[in-house]
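Residue numbers start from 1 in every chain, and the chains themselves are labelled A, B, ... in the order their sequence lines are given, proteins ahead of strands.
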Amino acid sequence: MQKSIKRLGVFFVALTLVMVVNLSYLQVWGQKTLLENPANTRRLVREYGIARGRIIAADGQVLAESVRSAGPFAYRRTYNQGSLFCHILGYDSPQFGRTGLEASYNDQLLGRKPSRGWAEEMISDVDEGNDVYLTVDPRVQAAAAQALGSRKGAVVAVNPKTGAVLAMYSWPTFDPASLVSQERSAEGSLLAEAVMRAYSENPDNPFLNRATMGLYTPGSSFKVVTAAAALESGIPVDTVFDCPGIWQVGGSRVTNYGEPPRSFGSIDMRTGLVYSVNTYFAQLAVRMGAETITDYAERFGINSVPPLDLPGATASRIPPAKSMDVVSLAWSGVGQAELLLTPLQLCLVGCAVANGGRIMAPHLVKEIRRAQTILDRYDPYVWKTPISPRTASQLLQMMVAVVEEGTGTRATVPGITVAGKTGTAEVEGKPSHAWFLGLAPAENPSVVVAVVVENSGGSGGTVAAPIAREVIRAALR
Amino acid sequence: MKPRWKEALLLAAALPIPFLGWVSLDLAREDRVTAGNLMYPLVLSGLFLLAHISLRYLRPEADPFLLPTTAILCFTGMVMLLRLNPHMSRLQLIWLGVAVFLMVLLVALLRDWSVLERYRYTLALLGLLLLFSTIVFGKEVNGARLWLVLGPVRLQPSELAKILLAVFFAAYLAERRELIAGAGRTLLGFHLPRPRDLGPLLTMWALSLLLLIFQRDLGSSMLFFGIFLAVIYVATGRLAFVIVGLVLFLAGAVLTFFLFDHVRTRVDTWLDPLNPETVNDESYQIAQSLFAFASGGLSGTGLGRGNPDIIPYVETDFVYASVGEEFGLAGAVALALLYLIFCGRGLRIALQCKEDFGKLLAVSLTAVVGLQSFVIMAGVTRLLPLTGITLPFVSYGGSSLVSNFLLVGLLLCVSEGGPEHAEEH
């Protein structure tokens, strides 16, 4: 029997080894899969047991905070300004997850970042998150919302010196409070489920942050980039082209606006930009060649994702130079053809002009604080330097003229020199988009505004410029 | 060093567990230490001190490792229980007192354990009566009739039946082993048992199937059969019994799988616990248990800092998951190793015992703890289908605690020697 007793002992050792291997699988190798399983509510119970940090605007207004809640989760989110900041803040829901800053600053809001140091992490739990302070100014945001009203589109305002986003508004909006609500109907279903379904099925897509994700044909607002590329590649401001109403190119044609298309005769770049002359910029583009256009477009950040601290920012698009024939090159020069820009990207083009040729990385968050102690601060840095200070100042002067005497006169703010560029983007089979890119004050710009009104049918100068005006007015007050 | 001094030193080494446990629990929960809660570690250490002193008088030469190992398991269980459910932990403390008292009583009264061999059929009958009493008098809790209700006390008779049958297996096979082992033919180098020697095996098989079918108690069913196989293997040294037994058991299990819905559900949730269709329903428990282990990781969330309370019945069947969550892989492996130490000592007692019955009794009792702990640890970690049995010494439950302490008492008795030893006293 001694032998079989020993063998039984070996069997018990084997069972223990099997257990250890199994445990190692569950707790180490297979841990991640289990933690990420959607049925795993453990993470949620823990995360919603913490008083999540507040999100606070530049003027100290609390935009989002956590309040005690009944049910399985100890806290839930409230959004004090309704849907005004919805695309910036996003929502924070145990059921639907997180979007916006609630997603990208989740670790900070939950108090996990910045780290409290290993000693502190070892001995005490986080029961309160850190506060996130924004660069966004509610006055500017409100002005943008009011000026845009119930029109599909977006407004972005950035301080070109730092990249601080002052306002970012997109319409249609959604109501984050109704999505994070934990209220249930008499039958026990979550009311927010129906709200979520309605938003998701809405063809106008209220969840889309048109400011960073909406890709629109830029139209004439892109002429700033064409002009910049020309100036940088050695084509001076006083280059004169003969600009008829219709310019024949490669078996096709480029036309100016107006019925019949307006003819401008021999004009220089300044006049071309002030009156947004398509035939001028088409000829300019063809002279430079596709390589130069795409090269400078990419130097401005097109084809790359802007380094914004908000999830989902989309790269604007210009097709590769090789794929452009002379017709699409000519139309690209006037912002048509295959070009697609986000309002944020256009705003960043304006930022380069406003800030001596350098684009500061755009950001929404200024500081992370815990009980007024600053834990982390955003350091502005240069994202791209597409043009020289000289080119920037030349562009700025031309853009001042656009507002003073050209297509952008409706962006005029009394007492302030505003520079700008309008755009009216033709869209196949649909009404045109109205664009405006505004910079102010022109002497030393501290705000750059990009506006798009989707399928408005009106021109950039009449539809978008007045919106930019209100935003600039609010920002400079 | 004398055995009792070894025991004293080992117990002293285990004592920080309840004290540190309570301090750390109080700090994690309230950020301060509540003096009133000191009652728990004091009573706990007092109980084990009492058991130790009793052994000094009653069984000075008994194995010195069993009691400290048991103590660590109990301390861990009590700390976990106070963290999970303070009300239950008070009840458990009372049960622990009863269990220690009964263990000491057993050790004091059973001067010569070989008398058990004589009463084997009485014990077996008693065990079977207890086991099947619930079919008649039982109260159904959570889909299984495993409980007897006597006034305010709920008893799980299968826990005690387990010990009684373990004693019976040992006594029965001690008598028959020569007979069973010697006979039979050899086929292809494999020693085949005679058909008539398979009688006891078939009886046990039928018994476990009955348990499975009428009481829906897969855990006890697997356990009884496993203990029996362990003892018959040690008694005869013939693997054939184990293989035939396992084949029979699997056949029975497959049969019940096709006959009974609840067995099928159990198997389905075992094979695919994270199936989105059942994960919030039939397989909720096992899925939550797996999530608990995962969130524990290598070192655990720390005592009082995890969320084991999400798992239903975490205090009883799933207490191991809460250890895995809050103490991590380190804690879960440590607990598994403690059971291995317990089994190691149990088998050592068997090796050193000179009587066949004593050897088999030690093996049988060791197998109870070894297999039961493995079946439930493997169940909550999805290695085996989940069964509703307790983790010895750690889970909440009076019947389980009392039975397991009686088991420790018996092992301690056997460890000191046989009848001739008793005569020396």
Inset, instruction - Would you check if A:Leu63 and A:Ile56 make a side-chain contact, meaning some heavy-atom pair closer than 4.5 Å? - result: no
Inset, instruction - Decide, yes or no, whether a salt bridge links A:Glu65 with A:Arg77 under the criterion of side-chain N to carboxylate O below 4.0 Å. - result: no
Inset, instruction - Name the member of A:Val20, A:Val18, A:Leu26, A:Val13 that forms the most heavy-atom pairs with chain B at distances under 4.5 Å. - result: A:Leu26
Inset, instruction - To the nearest 0.5 angstrom, please state how far the CG atom of B:Leu84 sits from the CD1 atom of B:Ile311. - result: 8.5 Å
Inset, instruction - Identify which part of B:Ser283 has an atom lying under 4.5 Å from any heavy atom of chain A, answering side chain, backbone, both or neither. - result: neither
Inset, instruction - Working to the nearest 0.5 Å, report the span between OG of A:Ser69 and CD of A:Gln182. - result: 6.0 Å
Inset, instruction - Identify which of B:Leu347, B:Asp356, B:Val363, B:Leu274 forms the greatest number of heavy-atom pairs closer than 4.5 Å to chain A. - result: B:Leu347
Legend entry - Residues in residues 39-50 of chain A that sit under 4.5 Å from chain B, counting heavy atoms only: A:Ala39, A:Asn40, A:Thr41, A:Arg42, A:Val45, A:Arg46
Legend entry - Minimum side-chain heavy-atom gap A:Asp175-A:Tyr91 below 4.5 Å: no
Inset, instruction - Flag the one option from A:Met1, A:Gln31, A:Met19 with the top tally of heavy-atom pairs under 4.5 Å to chain B. - result: A:Met1
Inset, instruction - Taking the six-membered ring for Trp and the single ring otherwise, decide whether the centroids of A:Tyr79 and A:Phe85 are under 6.0 Å apart. - result: no
Legend entry - Interchain contact, B:Leu27 with chain A, by part (heavy-atom threshold 4.5 Å): neither
Legend entry - Which atoms of B:Tyr320 approach chain A - backbone, side chain, both or neither, heavy atom under 4.5 Å: side chain
Inset, instruction - For chain B, find its close neighbours in residues 368-378 of chain A: heavy-atom separation under 4.5 Å, sorted by number, or none. - result: none
Inset, instruction - Against chain A, work out which of B:Ala362, B:Gly297, B:Ala230 has the most heavy-atom pairs shorter than 4.5 Å and name it. - result: B:Gly297
Inset, instruction - Using only heavy-atom distances, determine whether the side chains of A:Thr212 and A:Asn209 contain a donor-acceptor pair under 3.5 Å. - result: yes
Legend entry - Contact class of B:Ala287 relative to chain A, heavy atoms under 4.5 angstrom: neither
Inset, instruction - Just give me the residue among B:Gly302, B:Gly370, B:Gly296, B:Ser295 that pairs up with chain A most often, heavy atom to heavy atom, under 4.5 Å. - result: B:Ser295
Legend entry - Minimal non-hydrogen separation, A:Leu310 against A:Ser104, with atom names: CA-OG, 4.2 Å
Inset, instruction - Could you check which of B:Leu329, B:Val279, B:Thr236 has the highest count of heavy-atom pairs closer than 4.5 Å to chain A? - result: B:Leu329
Inset, instruction - Check whether any side-chain heavy atom of B:Met80 lies under 4.5 Å from a side-chain heavy atom of B:Val394, and answer yes or no. - result: no
Legend entry - Nearest heavy-atom neighbours spanning A:Arg210 and A:Pro172: NH1-CD, 3.5 Å
Inset, instruction - Could you tell me whether the side chain of A:Phe12 reaches within less than 4.5 Å of the side chain of B:Thr366, counting heavy atoms only? - result: yes
Legend entry - Contacting moiety of A:Ser24, where chain B heavy atoms sit under 4.5 Å: both
Inset, instruction - Decide, yes or no, whether a salt bridge links A:Glu128 with A:Arg52 under the criterion of side-chain N to carboxylate O below 4.0 Å. - result: no
Inset, instruction - Could you tell me whether A:His87 and A:Phe207 have their ring centroids closer than 6.0 angstrom? - result: no
Legend entry - Nearest atoms (heavy-atom pairs only) where A:Val195 meets A:Ser178: CG1-OG, 3.3 Å
Legend entry - Side-chain H-bond candidate by donor/acceptor type, B:Gln352 with B:Lys359, under 3.5 Å: no
